[in-house]
A.B. asks: 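First the structure, then my questions, so here it is.
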Amino acid sequence: MMAEITVDWIKRWEEIYDGRLRTMQRDYSIDDWSRRAEDYSERRKTNQYEFGENVWSVLASHGVVGNQSRVIEVGSGPGTFVIPFSKHVDHLTAVEPAEGMIRVIRENAREAGIENYDIIPKIWQDVSIPEIQGTYDLVITSTVIWMFRDIMQQISRMEEVTRGHCCVVEGIDSTDALGKKLWHTIMGDIPYPSYPGYPLAYNLLYQSGRIPHVQIINAQSLRTFEKLMTMYRVFYSLYTEFTPKVEETIRSALLADSISGLHERNYQSAVVWWDPKERREIG
Amino acid sequence: MQYNVTGVHQESGSRKTGNGTNMTESIDWKAAWKESVEESGRVSTPGYWDSRACDYAKMVDTSDCDHGRRILNLFRDQKILHDDWDVLDIASGPGALTIPFAERVRSVMAIEPAPRMAVCLMENARRHGLKNIGVIPKTWQEVKETDYEKKFDMVTCCHALWQFPDLLEQVRRMETVSRGYCCLAHGVEVSERELKKSLGVPMDGQDQFNTLFNFLNGEGIYPNVNILEYSLMWPVEAAIASKERFVEKYRPLTKEDQVIIREYISRNTTDGIYKIPGRMGVLWWKVG
């Protein structure tokens with residue numbers, strides 16, 4: 001008898017989402033992302049937006065985007081794809097609710113001489129789909145979909161706004177050794193929190209009949225000590241009381257990790273794209 | 001057997017956290033893969049493929065090696081294909097991949113244990129004027145990988161993974177002989193559902209691609225994935241013969257089977273060619 005794999009990937013997604021919330025003192029707020037704007041920008045700008053440029057190269061080489069494309073980015077943060085994509089495409093719309101992030105997008109765009117973009121200052125769930133239905137060639141998002149418990153509903157909304165493709169870019173085992181060690185030093189036996197991403201996102205799409213493609217990319221982040229401290233400060237304040245002792249633990253670990261004052265991370269991400277019009281036979 | 005989220009292969013539903021973003025680790029993909037291919041492997045012996053050599057070779061020829069060319073074109077478009085490549089094609093059959101690759105690269109070594117398939121491959125090579133193809137007349141498991149350590153720029157295995165219940169071990173051996181890339185191709189849809197249902201034979205390959213994908217990811221191999229459309233085109237008589245041999249994998253062929261097969265193929269034939277559209281998942285990665 002043939003084996004039958006009947007994993008309910010949507011349920012898995014929801015379990016991870018709920019599990020994360022149970023571990024937290026409170027969920028992320030939009031203000032947390034404003035506080036993260038400067039340090040997140042530093043990460044994305046590493047090596048002249050190497051991460052975004054690599055994603056661009058993958059999608060361009062597969063004919064998913066070109067210089068006539070209109071692109072919408074869900075949860076742009078500091079301009080993850082706004083800056084590296086805008087110079088290649090006709091127009092880019094950033095959906096980003098955090099004021100701090102919007103300010104940084106504008107600064108980064110000015111710095112890069114980019115003007116062919118606009119910003120919808122909302123969370124994705126509040127964006128009115130009928131107004132923009134089918135007006136983009138690509139909807140793209142990175143490290144954002146873990147915030148959607150109703151993942152397939154939000155994926156479907158993304159599919160409605162594109163007449164071309166969808167793309168999600170997710171980290172692979174993105175928790176670095178230092179991050180895990182720090183967590184256990186500060187949080188003890190509480191297991192490290194999970195964020196649903198890759199390959200779970202692939203499984204969701206495949207199971208629902210989509211035909212997703214994947215390319216794995218490598219990128220680097222170079223962070224300064226103070227900006228990395230900001231990241232950890234925001235992160236740990238969601239999980240525990242951010243005491244001077246916690247701060248000192250992080251500070252000591254980071255100082256030991258520094259190379260010439262910078263903190264270097266090499267990471268892998270999965271670029272997953274699909275054409276919503278294409279479906280495979282299920283069952 | 002089912003691997004269910006509430007079953008024994010999964011951790012408690014109250015689990016709060018996990019390791020990073022990969023929450024597929026609690027499913028025993030290795031066991032799932034082994035079980036899913038055991039039946040295919042049991043019935044698809046080198047003897048079976050020897051009996052299929054003639055009809056399969058006609059299909060590959062009529063299709064102009066369509067699925068192999070599409071894989072080749074993927075690597076060409078990704079700008080990783082080089083004319084000085086040495087390629088290893090595991091379970092080459094009559095050359096659906098071997099022929100188009102040999103037209104573009106320095107050499108292709110084909111591994112093919114079925115004698116008549118190997119003869120078809122070499123005849124095919126002669127017809128295409130190719131002299132850069134060699135054949136190792138063994139199964140991949142019989143090949144001593146240390147004899148070929150880092151000898152190939154690309155190692156392919158297309159539509160033949162069903163022969164590896166111990167997939168990971170065989171994939172690691174492929175990595176041993178590769179100094180460049182590995183590529184596994186596998187169908188993502190069951191072809192000819194209606195026919196198989198009428199004949200009461202198994203829907204080979206259902207869910208295997210997804211199991212393969214998760215198995216590799218769970219073992220820390222993160223392949224690129226491209227799902228490609230392709231067409232298999234059969235001369236009618238070769239199509240009929242292939243379906244009859246397929247039924248005989250599982251049970252003796254009856255007159256009723258023959259009627260069902262001929263009617264089905266007749267209904268789906270145009271200008272003497274029986275065409276099956278399909279999709280394959282191409283998993284490929286650079287060897288570290």
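Per chain, numbering begins at 1; letters A, B, ... match sequence-line order.
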A.B. asks: Are the side chains of A/Tyr202 and B/Val225 in touch, meaning some heavy atoms are under 4.5 Å apart?
C.D. replies: yes
A.B. asks: Given heavy-atom pairs under 4.5 angstrom as the criterion, report whether the side chain, backbone, both or neither of B/Trp284 touches chain A.
C.D. replies: side chain
A.B. asks: Using a cut-off of 6.0 Å, state whether more than 12 heavy atoms not belonging to A/Lys181 lie near its atom NZ.
C.D. replies: no
A.B. asks: Looking at A/His62 and B/Leu74, what are the two nearest heavy atoms and their distance?
C.D. replies: NE2-CD1, 4.4 Å
A.B. asks: How long is the span from the CG atom in A/Leu200 to the CG atom in B/Asn217, to the nearest 0.5 Å?
C.D. replies: 11.5 Å
A.B. asks: Within this structure, what is the CZ-CD distance for the pair A/Arg280 and B/Glu229, rounded to the nearest 0.5 Å?
C.D. replies: 13.5 Å
A.B. asks: Would you find more than 12 non-hydrogen atoms of other residues, nucleotides or ligands less than 6.0 Å from A/Gln25 atom CD?
C.D. replies: yes
A.B. asks: For the residue pair A/Tyr206 and B/Phe209, does the interplanar ring angle fall in the parallel (under 30°), tilted (30 to 60°) or perpendicular (over 60°) class?
C.D. replies: tilted
A.B. asks: What heavy-atom pair brings A/Tyr198 and B/Pro223 nearest, and what distance separates the two atoms?
C.D. replies: OH-O, 4.4 Å
A.B. asks: With a 6.0 Å cut-off (strictly less than), is the heavy-atom count around NZ of B/Lys150, excluding the residue itself, greater than 12?
C.D. replies: yes
A.B. asks: Working to the nearest 0.5 angstrom, can you tell me the gap between A/Ile216 CD1 and B/Ile221 CD1?
C.D. replies: 12.0 Å
A.B. asks: Identify which part of A/Trp273 has an atom lying under 4.5 Å from any heavy atom of chain B, answering side chain, backbone, both or neither.
C.D. replies: side chain
A.B. asks: Does some side-chain heavy atom of A/Ile211 sit less than 4.5 Å from a side-chain heavy atom of B/Ile227?
C.D. replies: yes
A.B. asks: Using the rule given for side chain to side chain contact (heavy atoms under 4.5 Å, CB included), can you reason through B/Asn224 versus A/His213, listing the C-alpha separation, both sets of side-chain angles and the distance that settles it, and then say yes or no?
C.D. replies: CA-CA 8 Å; B/Asn224 302 309; A/His213 307 268; over 6 Å; no
